[in-house]
Amino acid sequence: MPVPETPSAGGFIVWIEGLPCAGKTTLAGAVAERLRGDGRKVEVLDGDEVRRLFSPELGYSRKDREAHARRVSYVARLLARNGVAVLVAMITPYETSRQAARAAAGQAFYEVWLRCPVEVCRARDTKGLYATAGKGGVAKLTGVDDPFEEPLAPDLVIDTGRLDVAQSARRLLEYLAEKHLTPALAPA
Ligand SMILES: Nc1ncnc2c1ncn2[C@@H]1O[C@H](COP(=O)(O)OP(=O)(O)O)[C@@H](O)[C@H]1O
Ligand SMILES: [Mg+2]
């Protein structure tokens with residue numbers, strides 16, 4: 001189904017991907033707050049949280065990660081087709097999952113890659129994952145001992161290693177405004 005640039009129902013999916021600690025949760029939260037302030041219906045599907053609920057039996061093999069992404073993309077589709085602005089915040093390490101999510105969306109779908117060098121992510125390490133990776137901590141940490149395939153066709157790339165949170169949120173909101181999904185921002 002062709003994806004319209006300006007969907008009349010108003011729902012859309014922003015699929016935010018990147019390494020652990022690239023800023024997905026933080027950015028989704030900041031942008032969600034702003035969109036709610038504009039009176040929109042917004043939902044955030046955050047990888048860690050939905051994994052516990054949707055996929056507790058799944059691990060971190062390629063097959064399991066792809067299965068989890070499929071579940072999340074299905075719920076994103078249901079919400080978006082009911083007019084909700086859906087922000088997905090998930091590592092999404094595989095190109096196959098990104099393409100499948102786009103194909104399944106049925107609504108406007110925007111893939112946003114938070115590009116952040118692994119060294120910067122490691123220095124942030126908000127959840128202590130990098131510190132313990134390979135030392136009895138989480139096995140298969142993306143970017144350390146599990147792959148993150150460089151996105152081939154993201155709609156937007158935000159360099160969260162270089163920009164701060166406010167700048168990154170502004171970049172995404174500007175992009176959504178360009179697509180006529182949100183009101184234009186006041187000049188910075
Ligand atoms: N440009 C940015 N965008 C988002 N987060 C950033 C940015 N710069 C620094 N940070 C910080 O990086 C950390 C990212 O953590 P988090 O959002 O939990 O990442 P993720 O959900 O990708 O694992 C937070 O402490 C956040 O304040
Ligand atoms: Mg997160």
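This chain uses plain numbering: 1 for the first residue, then up along the sequence. Counting convention: from 1, in listed order, for ligands and their atoms alike.
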Open item on the list: Is the positively charged end of R98 above the ring of F148, judged by distance under 6.0 angstrom from the centroid and angle within 45° of the axis?
Closed with: yes
Across all chains, not counting sequence neighbours, the ring pair (Phe, Tyr, Trp, His ring centres under 6.0 Å) partners of Y175 are Y110
Set out, in order, the CA-CA distance, both residues' side-chain angles and the distance that settles side chain to side chain donor-acceptor pair (under 3.5 Å) for S97 and R65, then state yes or no.
CA-CA 8 Å; S97 296; R65 287 181 191 265; over 6 Å; no
(request) For R36 and E43, indicate whether the former's side chain and the latter's backbone hold a donor-acceptor pair under 3.5 Å. (result) no
For E111 and P151, the nearest pair of non-hydrogen atoms, with its separation, is OE2-CB, 3.8 Å
- Query: Would you say L185 and V112 are hydrophobically clustered, going by side-chain heavy atoms of ILVMFWY under 4.5 Å?
  - Reply: yes
Residue pairs passing the ring-ring contact (aromatic ring centres under 6.0 Å, His included) test with at least one member in residues 41-61, sequence neighbours excluded, are none
_Any salt bridge linking D155 with R102? Criterion: basic side-chain nitrogen under 4.0 Å from a carboxylate oxygen._
yes
At a cut-off of 2.8 Å, protein N/O/S around the Mg ion (ligand 2) gives T25 OG1
task = Apply salt bridge (Lys or Arg N to Asp or Glu O under 4.0 Å) to R52 and D48, showing your working.
result = CA-CA 7 Å; R52 274 194 296 278; D48 297 333; over 6 Å; no
Near ligand 1 (heavy atom, under 4.0 angstrom), the protein residues are L19, P20, C21, A22, G23, K24, T25, T26, R124, T126, T160, L163, D164, V165, S168
